[in-house]
Every structure is written in structure tokens, then in C-alpha cells.
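Some notes on the structure that comes next.
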Protein chains: 2
Amino acid sequence: MTPRRDPRPAAERGHSGGGARHGGAPGGTLTGSIEDYLKAIYALEELTDLPATTSDIAERLDIAPPSVSGMLRRLATRKLIRHERYRGVSLTPAGRKAALKTLRRHRVIEAYLASVLGFSWDTVHAEAERLEHAASDELIDRMAAALGDPATDPHGAPIPTRDGTLVIVPTQLLAEQAVGTSARVASVGDEDGELLRYVGSLAIRPGAVVKVVSRAPFDGPLTLEVSGSGAKAGRTHVVGSTVARAVKVDKPR
Amino acid sequence: MTPRRDPRPAAERGHSGGGARHGGAPGGTLTGSIEDYLKAIYALEELTDLPATTSDIAERLDIAPPSVSGMLRRLATRKLIRHERYRGVSLTPAGRKAALKTLRRHRVIEAYLASVLGFSWDTVHAEAERLEHAASDELIDRMAAALGDPATDPHGAPIPTRDGTLVIVPTQLLAEQAVGTSARVASVGDEDGELLRYVGSLAIRPGAVVKVVSRAPFDGPLTLEVSGSGAKAGRTHVVGSTVARAVKVDKPR
DNA sequence: CATCGTAATTAGGTGAACCTAACTTTTGCA
DNA sequence: TGCAAAAGTTAGGTTCACCTAATTACGATG
């Protein structure tokens, strides 16, 4: 029960304000905040294949644009992003690596919570969002190992490997499937819990096979028919055009 | 994949600096920092049955005394402690409740990491120290349930229940046992990983029965003999006077 | 090609949680 | 009982990550 901490000259302890207070940060020296920015920039780059813009990042993180500008300067100083003033930002290799590491943390945690601890897929995101900044590499690896190193999280999103590789299986938006064809749902957006509860109730989840019955123009809603033999099989439902990504199938497996 | 966050008038978002940025804090509205202070104050009160002093808190948290003074003022404002200037601090019922909640988080996490994910008892403390501020009540309860609501953590410390009750089994320091008597180890301090590896290697852990062979005066080291039938049984070892708490036994169970 | 709207930045500010240096209160001891 | 050492507090400063208001750059359009 003896505390007896190290008697460093006190000038060398927590010293710098706010952020990560305890020395034992999980990954490198990145604060949760920085990890969130990198994740957002990564996601935006993925989405558009173009440099992420200040206002997109701001909207995504629910932060005012000037705050983003300031943080981008810091990230550029740390060599995590390239930033051309008034243009946009893109991740450096170091930044991408950090982003993928955080993404791995997030998705491993989601998978573990859902598989082992019985969390529903609409609640894992919020929980993972906080835990991903506190969990050590060791913990993440043990959770992943306990699941047999899963390839995807509960929403179907691929989990980057320990060495930072992300296997991207090409998918299309369900809305991009030809009307009348069947497709196997690959993934569903993970952030909107309400949406997840809704599509879950329709049995639209990764692995489900659905047929696109009709599609309204201009990104309008889709009408889907759930295939297979479940209780919900054969029912048709109307959903938004961006709910899920999918791969075409010939025979419903 | 549509982010589309709430378009509040922007004056109502993260607004206040540093601390907990996203609204979804796990417990109440307490930051990790505040929880750490309350835990420390609780531990010091337990230890001495007297109000905790500024410098004790400072030493325990490895923070300069003036920083503690400042934080104590904030904690008093929030009605979590009572603070008499130049005297000391004691927890209010609200503060004690918050401290016990954090203690529960910490110990449930330790127990889970050790039992389910195979962490060694000398590494769980550091991991729990970070996770306890990020885990939701839901997660803690599910982890506890997965273990059948354990009564103690891997170091033998009691785990407060969901409703904030802490069952205290009276124990004495091993050093306080009469020489020649046997005692069952109840708990070992959880913070010092190196110490834990050492006493672990001697098979001194909760449940182990040891005999106090001799004791040097003035809180000097103890000589112990490990009872039972393990590989280490019968060996004698010399350890510090504060390594473990124990209860006397007549027949080694 | 001037202008106007939007996006991005700079300027200046806040609160949290830390720090050191200087000062005050308490306490232990001659 | 008096006074010095120890403990605690105040004063003033830093960094971080946010904010609003004001300004500047860009790019589309008449």
C-alpha cells in the first residue's frame, strides 16, 4: 500500500495542460482529440478521394470551423497531415497509419462488445468512441484474438490489421444496384443508432440478401425485398438510398 | 453514411474547454481528473480515518500541491467534498458515492481483464486506470455479470456493488499477525506492478495461507512461510511489512 | 474582369487543469 | 511561549482545445 511515486524534479511531470494527463497513453503520444481528427480526415478522404475540407471536418466532428483550422495547423506541425492553406488536407503516411490504428481500435472494440458482451449493434459505436482512446494495444490485440481476429465489425466495416493493412472489398451503395437484382449487404453505416435499430428490425444486416424492387429517382428511397428464409423474408420495405453498401450476388448463398 | 449532425445554434456544443468533450460521458458529468481526485481522497480517508491533506493528495496523484488546492476549491463548489482551509478535506455523501462508483469501475475492469482476457495481475491496474473513465455503466455491469458479480478484484480488494455498497471484511496487515501464526492473505496492494510480480512469484496472493516466521522490529521486513501444497509450499521468503493484508486462520482451509 | 457569396483563416477570448514563486497559516519543538 | 519548518494557499503563468467575431482568399457568375 506504499504509494511512493518517483521524485522527479516536478518540472517533468504532467506539465502540459488539458489533454492526455497520465503518461501511459495507449498508442503513441496522441490525444483522443487528435485521433478523432485523423479518423474524420481519413473517412472523408475515403468517401470522396479528395483532400478533406475544413468545413467537412468541422461538420463531422460537430466543432466550429476556426477550431478545426487551429487543430489542422497543429496536425501539420506534427507531420500527420499535409495542409495547403485555403485548399484542404490529406493524411501523411504517419497520419494514415495513426488513423488506421484508431479505426482498428474502434472496430475491434465494437466487435468485442457485440460478440462477447452482448451489446446490440446500435449501441456499440458510442461505447467504442470513448474506449478507443483509452485501450492499450495489448488490450485491443487480446480482444481481437478472443474473436479469432475478425475481418469486420458488427456493421460490416473491415477491421484494419495490427500492421495497418485495410482489406477493401469493393462494394456499391445498395442504391446503385440495378433494379430487380439481388445483392448481399456488406455493411451498414455505424453511427446512427436509430437508423441501425430500424434497419435491424427489417433484418437488413451484413450478410442479408436483398432484392432491389424499385428506386425513386434523384437519390430517392429504395424499395427492398428481404430474401432468404427468416421470419422477415419476402417482406418489402422502403429505406433511404445510403443506408447500406452491398455486393451483387447471382445465387443467394 | 450520412453524418448529418444536429444543427444546434453552435453556441450549445462543446463550448467549455479541456475536459470531457463529447456529451456522452459515462457516469455523470465528472471528468476523469475529478474522479481521480475523489478516488484518492477516498483511499486516504480509508487509510487514516482522518480528513485527507492537500499534500497527501498531491503526492498520491503526482501533482503539485497548489494544483490540488485549486481543484479542491472546485470540488467543494460542486459539493463533492467539504474543505476547511488549511485543515483538510472529507468526502460528502455525493463525493463518496462518486468515488465508490469509480472504484467499482476500476475493480470490475481489473477483474474482467484478468479473468476473461488473460491479463496478469501486475498489468491490470494501469489498463483499468484509463478505462475506468471511458466505460459506461452498462459496460461495467455487463463485465461484472459475465464474471458472476465478483466480490473482489484480482488483488483481493472488495468491489463496491452497483448501488454503492462496499462490503468491508476486517483484515490486518500481515505484519500485525502474531509471529508463529498462520493467516490467509486477503489482499495485496494493486498499484506497484513490480511488487506484484515479485510477490506473485512467491505464490503470495489472495487466498494463499502463510505463516509469519519472524518479524524485524520497527516495521522491518517479515519472514514468511508459504503453506499449502503448491510448488512453492514450505519455502520461506522475506518481504516488506506492508505488502499484504490478511485474516488469521486456525486450520488452513 | 469586377464582384459577390462561401469557405477558410486570423484575432481575441474562455475554462480546465496543470505549473512555479511568493506568501500565509499551522504546528512542532526548544 | 516564541519561532522556524512544514503545510497550504494565493498570485500569476502555460497549454490545450474549444468558442465568436472579423477578416481574407477563392471561385463562380454576370
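It should be emphasised that the depicted structure is a prediction, and the values quoted were computed from it without experimental measurement. All values below were derived from every heavy atom in this structure, side-chain atoms included, with hydrogens, water molecules and symmetry-related copies excluded. Order of the sequence lines sets the chain letters (A, B, ...), proteins ahead of strands, with each chain counted from 1.
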Distance in angstrom units between [X] [atom1] and [N] [atom2], rounded:
X        : N       : atom1 : atom2 : answer
Glu59(B) : dA7(D)  : CD    : C1'   : 13 Å
Leu61(B) : dC18(C) : CG    : C1'   : 12 Å
Glu35(A) : dA17(D) : CD    : P     : 11 Å
Asp56(B) : dA6(D)  : CG    : C1'   : 13 Å
Leu72(A) : dA7(C)  : CG    : P     : 16 Å
Arg85(B) : dT10(D) : CZ    : P     : 5 Å
Ile57(A) : dA7(C)  : CD1   : C1'   : 13 Å
Leu30(B) : dA16(C) : CG    : C1'   : 14 Å

By side-chain hydrogen bond (donor to acceptor under 3.5 Å, both in side chains), which residues pair with Thr53(B), not counting sequence neighbours?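 Applying side-chain hydrogen bond (donor to acceptor under 3.5 Å, both in side chains) to Thr53(B) gives Asp56(B).
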
Check: Asp153(A)/His106(A) side-chain N/O donor and acceptor closer than 3.5 Å: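 No pair is found: no donor N or O on one side chain lies under 3.5 Å from an acceptor on the other.
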
Indicate whether OP1 or OP2 belonging to dA8(C) is found under 4.0 Å from a side-chain N or O atom of His83(A).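 It does not, given that no N or O in the side chain of His83(A) lies less than 4.0 Å from OP1 or OP2 of dA8(C).
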
Check residues 72-85 of chain B and write down every donor-acceptor pair under 3.5 Å in which the side-chain atom is one partner and the other belongs to a residue at least two apart or another chain.
| residue | atom | partner | partner atom | Å |
| --- | --- | --- | --- | --- |
| Thr77(B) | OG1 | Arg73(B) | O | 2.8 |
| Arg82(B) | NH2 | Leu91(B) | O | 3.0 |

State which residues pass salt bridge (charged side-chain N to carboxylate O under 4.0 Å, His left out) with [X]; sequence neighbours excluded, sorted by chain then number.
X         : result
Arg142(A) : Glu138(A)
Arg197(A) : Asp122(A)
Glu176(B) : none
Asp141(B) : Arg104(B), Arg162(B)

Between the protein and nucleotides 21-23 of chain C, which nitrogen or oxygen pairs come in under 3.5 angstrom?
none

Nearest-neighbour nucleotide for the [X] side chain, [options] considered:
X        : options                   : value
Ser33(B) : dA17(D), dT10(D), dC18(C) : dC18(C)
Arg87(A) : dG27(D), dC18(C), dT9(D)  : dG27(D)
Ser55(A) : dC19(D), dA7(C), dG27(D)  : dA7(C)
Ile63(B) : dC19(C), dA17(C), dT9(C)  : dC19(C)

Among residues 73-82 of chain B, which ones have heavy-atom contacts with DNA chain C below 4.0 Å?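 When residues 73-82 of chain B is checked for heavy atoms under 4.0 Å from DNA chain C, the hits, listed by number, are Arg74(B).
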
Any pair counted as side chain to side chain donor-acceptor pair (under 3.5 Å), so long as it reaches residues 38-52 of chain A, sequence neighbours left out: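 Counting only pairs at least two positions apart or across chains, the side chain to side chain donor-acceptor pair (under 3.5 Å) contacts touching residues 38-52 of chain A are Lys39(A)-Glu129(A), Lys39(A)-Glu132(A), Glu45(A)-Arg96(A).
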
At 4.0 Å (heavy atoms only), tell me whether Thr54(B) reaches a base, stays on the sugar-phosphate, or touches nothing.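 Sugar-phosphate contact only.
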
Verify side chain to side chain donor-acceptor pair (under 3.5 Å) between His155(A) and His125(A), making sure each step is shown before the conclusion. CA-CA 10 Å; His155(A) 315 103; His125(A) 176 75; over 6 Å; no

